[in-house]
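First comes the structure, then the notes that go with it.
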Amino acid sequence: MSLSIPHFTPPPSFKEPSDVQDNPVTGLSRKFVKTKSKSKQSTQKSKSQLRRKSSKKEEVDDDEEGAVWIGYLEVADAYDQDMIAGFKHSIDGLLILAGLFSTIVATFVTQTYQSLKSSREDLGLTLQLEQIELLRLMVGNSSSVPPSTVTRDANSFTQIDVWVNGLFFTSLALSMGSALLGGLVRQWLQSYLSHVTGSAKSRAIARQFRFDGVRKWKLAQIVGTLPLLLHLAFIAFFAGLSLFVYDL
């Protein structure tokens with residue numbers, strides 16, 4: 001006896017879900033895949049947002065760091081301008097005074113150094129005086145003849161001439177030395193203020209490197225020593241001038 005299974009025909013109003021209609025077996029898995037893809041997209045969005053936040057934070061940090069270096073450069077430039085202006089004011093006046101004073105001392109030296117040279121005219125005059133002395137001895141029938149004071153290396157200058165020329169030459173050397181150092185310091189100051197290209201940080205590092213060099217080579221002490229050298233030159237010159245006038 002065979003059993004007949006009746007065929008079920010759904011009513012016209014019944015409609016299966018689209019997922020079940022496409023694939024009745026994997027209908028539920030498609031929903032899981034969709035939810036998983038949505039969570040993956042949300043994770044990627046959150047990562048991109050974190051990256052954007054971190055990049056913005058780095059930009060803010062860079063801006064803050066640049067502002068710090070720019071502020072440092074503004075304060076350092078103001079300090080350097082005041083320092084260099086003071087140095088230049090002192091050196092410019094000193095260079096003018098040293099140049100004029102060196103010219104005066106050189107004029108005196110050209111006149112006084114000639115007294116240190118043994119001239120033939122002075123030697124001839126000394127020989128004539130010796131001959132006159134011998135003639136007097138012969139006329140007086142003197143038997144004792146004093147030794148001659150004339151030698152080939154006879155010097156016509158005195159000890160005062162030596163001191164006068166020594167003081168004048170010392171004064172000239174000190175004044176010219178102060179002028180030479182003043183010119184060198186002027187060039188150093190010009191190089192110190194030379195323009196540096198690059199970022200604010202690199203310019204700040206270059207400025208600090210130069211400032212450390214100024215302190216290492218004691219530029220302020222050198223500038224303070226220049227007037228002292230010129231004062232010593234004045235003292236030596238006036239001492240020599242006093243001896244020169246005294247010997248007249």
Side-chain angles (χ1 to χ4, degrees), residues 69-117 157-198 200-248:
W69 291 116
I70 292 173
Y72 169 80
L73 286 174
E74 291 178 354
V75 176
D77 288 340
Y79 177 82
D80 291 341
Q81 291 293 337
D82 293 339
M83 179 182 67
I84 300 302
F87 287 161
K88 285 184 177 180
H89 181 72
S90 300
I91 292 172
D92 291 342
L94 186 140
L95 289 175
I96 296 173
L97 182 59
L100 295 174
F101 182 69
S102 298
T103 304
I104 295 172
V105 177
T107 303
F108 276 89
V109 168
T110 54
Q111 298 297 324
T112 58
Y113 89 98
Q114 298 178 2
S115 62
L116 299 177
K117 298 169 62 177
F157 56 85
T158 62
Q159 194 68 24
I160 293 180
D161 294 332
V162 176
W163 275 98
V164 168
N165 284 275
L167 290 172
F168 282 171
F169 276 108
T170 302
S171 177
L172 182 62
L174 289 173
S175 61
M176 293 185 67
S178 63
L180 176 61
L181 286 177
L184 291 176
V185 171
R186 198 72 166 74
Q187 292 180 355
W188 294 343
L189 296 178
Q190 191 68 28
S191 300
Y192 183 85
L193 292 178
S194 61
H195 182 67
V196 179
T197 59
K201 183 177 180 180
S202 62
R203 287 186 284 121
I205 292 174
R207 184 264 169 193
Q208 187 63 36
F209 176 77
R210 292 177 177 178
F211 185 73
D212 292 339
V214 167
R215 291 190 300 178
K216 179 180 178 181
W217 290 98
K218 301 184 184 302
L219 183 61
Q221 287 79 355
I222 293 175
V223 174
T225 305
L226 296 178
L228 179 61
L229 293 177
L230 198 57
H231 293 163
L232 292 175
F234 273 103
I235 293 172
F237 172 74
F238 284 115
L241 184 63
S242 300
L243 292 175
F244 179 74
V245 174
Y246 176 77
D247 193 41
L248 292 178

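- Identified under the salt bridge (charged side-chain N to carboxylate O under 4.0 Å, His left out) test for residues 226-240, with sequence neighbours left out: none.
- By the neighbour-count criterion of 12 heavy atoms within 6.0 Å, atom NZ of K88 is densely surrounded, having more than that number from other residues, nucleotides or ligands.
- Residues in residues 227-243 take part in no side chain to side chain donor-acceptor pair (under 3.5 Å) pair, two or more places apart or across chains.
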Test log, rule ring pair (Phe, Tyr, Trp, His ring centres under 6.0 Å), inputs Y192 and F211: CA-CA 8 Å; Y192 183 85; F211 185 73; 7.1 Å; no
Side chain to side chain contact (heavy atoms under 4.5 Å, CB included) between Y79 and V75, worked out: CA-CA 6 Å; Y79 177 82; V75 176; 5.7 Å; no
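- Under the 4.5 Å side-chain criterion, counting only non-hydrogen atoms from C-beta, W188 is in contact with I222.
- You'll find the side chain of L230 stays beyond 4.5 Å of the side chain of L226, heavy atoms only.
- The six-membered or imidazole ring of F169 lies away from that of Y113, with a centre-to-centre distance of 6.0 Å or more.
- Inter-residue side-chain proximity for L97 and F234 is flagged as met; some heavy-atom pair is nearer than 4.5 Å.
- Shortest non-hydrogen contact noted between A200 and L73 is O-CD1, 3.6 Å.
- For Y72, the side-chain hydrogen bond (donor to acceptor under 3.5 Å, both in side chains) criterion is met by R207, Q208, not counting sequence neighbours.
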Take L229 and L181 through the side chain to side chain contact (heavy atoms under 4.5 Å, CB included) test and state the conclusion after the steps. CA-CA 10 Å; L229 293 177; L181 286 177; 4.0 Å; yes
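- Applying the salt bridge (charged side-chain N to carboxylate O under 4.0 Å, His left out) rule to pairs touching residues 92-106 yields D92-R186, sequence neighbours excluded.
- The shortest non-hydrogen separation linking T112 to F168 is OG1-CD1, 3.7 Å.
- Contact record, G182 with I91: O-CG2, 3.5 Å, taken as the closest heavy-atom pair.
- Using a 4.5 Å cut-off on side-chain heavy atoms (C-beta onward), Q81 and L193 make contact.
- Counting only heavy atoms from C-beta outward, the side chains of D161 and T158 approach each other to under 4.5 Å.
- Among all heavy-atom pairs drawn from F244 and V164, the shortest one is N-CG2, 3.6 Å.
- Counting non-hydrogen atoms of neighbouring residues, nucleotides and ligands closer than 6.0 angstrom, the CE atom of M83 exceeds 12 such neighbours.
- Nearest heavy atoms, L94 versus P227: CD1-N, 3.5 Å.
- Sorted by first then second residue, the salt bridge (charged side-chain N to carboxylate O under 4.0 Å, His left out) pairs that include residues 97-113, not counting sequence neighbours, number zero.
- Between the side chain of S175 and the backbone N or O of L172 there is at least one donor-acceptor pair closer than 3.5 Å.
- Of the inter-residue distances, the one linking R203 atom CZ with H195 atom NE2 reads 7.0 Å to the nearest 0.5 angstrom.
- Not one N or O on the side chain of S171 forms a donor-acceptor pair closer than 3.5 Å with the backbone of L167.
- Shown here for N165 and S115, the closest heavy-atom pair between the two residues is ND2-OG, 3.6 Å.
- Contact check for F87 versus V185: no side-chain heavy atoms found under the 4.5 Å cut-off.
- Applying the side-chain hydrogen bond (donor to acceptor under 3.5 Å, both in side chains) rule to S194 yields the partners R210; only residues at least two apart in sequence or on another chain are considered.
- Side chains of L189 and L219 form a contact here, defined as non-hydrogen atoms less than 4.5 Å apart.
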